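Heads up: the structure comes next, in structure tokens.
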Amino acid sequence: MKSKRGQRLNSEFRKNIYDVIKYDLNNPLITEMFSVTEVDVSPDMKNARVYISVYSTDQVKKKNTFDAIVNSAGEIRRCLSGKMHVRYVPVLRFYEDSALEYGNKIDMILSTITYGEDNDDN
């Protein structure tokens, strides 16, 4: 959804999905800090892509937290139906957002670039 209404709905879904996972979902497997970086609801409101970033240095805990969120998709959707005033709550499909890790990788590569000595041979 790229219209103003679509952008507003995406923003509302992003905020409410985060609130549901953080405050309403009682899943002890969600141990790491996370954020809902983006939500893209289809124009027919049947499906939604939800991008999640999990912030952890321990890859096992990171994967366990993401898997726990994915496995709780039905409960998250049920909680959303009570919070949001929409006719239909879309099916939530979760994807890991690795943009932060990609950015860190690029920064690390750029920091290793060394420049040769300045030669004034002109």
Side-chain angles (χ1 to χ4, degrees):
M1 288 191 167
K2 299 297 179 189
S3 66
K4 281 190 175 188
R5 178 180 184 271
Q7 291 173 350
R8 192 173 62 245
L9 270 174
N10 288 342
S11 178
E12 283 298 311
F13 271 108
R14 185 176 58 81
K15 178 187 172 300
N16 283 307
I17 290 171
Y18 176 80
D19 288 345
V20 166
I21 296 171
K22 182 76 174 171
Y23 302 112
D24 299 337
L25 202 62
N26 294 323
N27 191 332
L29 297 175
I30 301 174
T31 59
E32 302 302 304
M33 191 169 77
F34 67 93
S35 70
V36 179
T37 56
E38 184 180 350
V39 175
D40 186 22
V41 180
S42 66
D44 62 358
M45 293 280 295
K46 298 289 182 189
N47 297 299
R49 289 175 158 246
V50 181
Y51 295 93
I52 304 281
S53 287
V54 180
Y55 307 107
S56 177
T57 56
D58 185 354
Q59 294 300 319
V60 173
K61 287 181 179 180
K62 182 176 183 176
K63 182 179 179 348
N64 289 342
T65 297
F66 182 75
D67 290 344
I69 292 171
V70 170
N71 292 334
S72 300
E75 188 176 348
I76 295 167
R77 185 176 180 216
R78 183 186 56 75
C79 290
L80 280 176
S81 68
K83 284 183 177 267
M84 296 194 64
H85 302 289
V86 291
R87 186 174 296 152
Y88 185 79
V89 175
V91 175
L92 305 175
R93 299 194 195 315
F94 290 94
Y95 297 91
E96 190 170 359
D97 186 6
S98 57
L100 183 65
E101 293 166 358
Y102 181 73
N104 288 339
K105 180 181 174 183
I106 296 298
D107 284 343
M108 189 173 69
I109 291 170
L110 290 174
S111 69
T112 61
I113 295 175
T114 57
Y115 298 100
E117 294 178 9
D118 263 335
N119 292 334
D120 291 330
D121 293 340
N122 296 341

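Keep in mind it's a predicted model, so treat the numbers as computed, not measured. All values below were derived from every heavy atom in this structure, side-chain atoms included, with hydrogens, water molecules and symmetry-related copies excluded.
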Checking [X] side chain against [Y] main chain: does a donor-acceptor pair fall under 3.5 Å?
X     : Y     : answer
Ser53 : Ser35 : no
Thr65 : Ile30 : no
Asp24 : Cys79 : no
Ser56 : Glu32 : no
Arg49 : Tyr95 : no
Arg93 : Val50 : no
Ser72 : Glu75 : no

Joint cluster assignment, Val41 & Val86, ILVMFWY side-chain distance < 4.5 Å: yes

Side-chain touch Phe13/Pro90, heavy atoms, less than 4.5 angstrom: yes

Would you please name every residue forming a side chain to side chain donor-acceptor pair (under 3.5 Å) with Asp67, sequence neighbours left out?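 If we apply the side chain to side chain donor-acceptor pair (under 3.5 Å) test to Asp67, skipping adjacent residues, the hits are Lys63.
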
Counterpart residues, ring-ring contact (aromatic ring centres under 6.0 Å, His included), relative to Tyr55 (two or more places apart): none

So, Asn47 and Ser42: side-chain donor and acceptor under 3.5 Å apart, yes or no? no

Identify whether the distance between the nearest side-chain nitrogen and carboxylate oxygen of Asp19 and Lys83 falls below 4.0 Å.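 So Asp19 does not pair with Lys83 through a salt bridge.
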
Going by the angle between their ring planes, with limits at 30° and 60°, are Tyr18 and Phe34 parallel, tilted or perpendicular? tilted

